[in-house]
Amino acid sequence: MAAASAARESRHAIRALLRAHLAAASRFGHLTRHCSVCHRLLALAIELEREEDESPTGP
């Protein structure tokens, strides 16, 4: 249960970082598909989701 909570908190933090990055970059003609920071944050979020899906659930 603690692992799921940690994964959820990490995913929340990554999404918050992505939102903050996009908000800061939006006034500079930011192109998400060309941004290495956006790609890395998205990859981290996907990796955390896969880890959470693969983790066993139950007692």
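Predicted, not measured: the structure shown is a model, and the values here were computed from it.
- Rounding to the nearest 0.5 angstrom, the gap separating the NE2 atom in H21 from the CZ atom in R40 is 14.0 Å.
- Using a 4.5 Å cut-off on side-chain heavy atoms (C-beta onward), I14 and L18 make no contact.
- Taken to the nearest 0.5 Å, the CD1 atom of I46 stands 11.0 Å off from the CG atom of L41.
- Ion pairing between a basic and an acidic side chain is recognised when a charged N comes within 4.0 Å of a carboxylate O; E49 and R15 show such pairing.
- Taking every heavy atom of both residues into account, H34 and H39 meet most closely at N-NE2, 4.3 Å.
- One hydrophobic cluster, built from ILVMFWY side chains closer than 4.5 Å, holds both L17 and L44.
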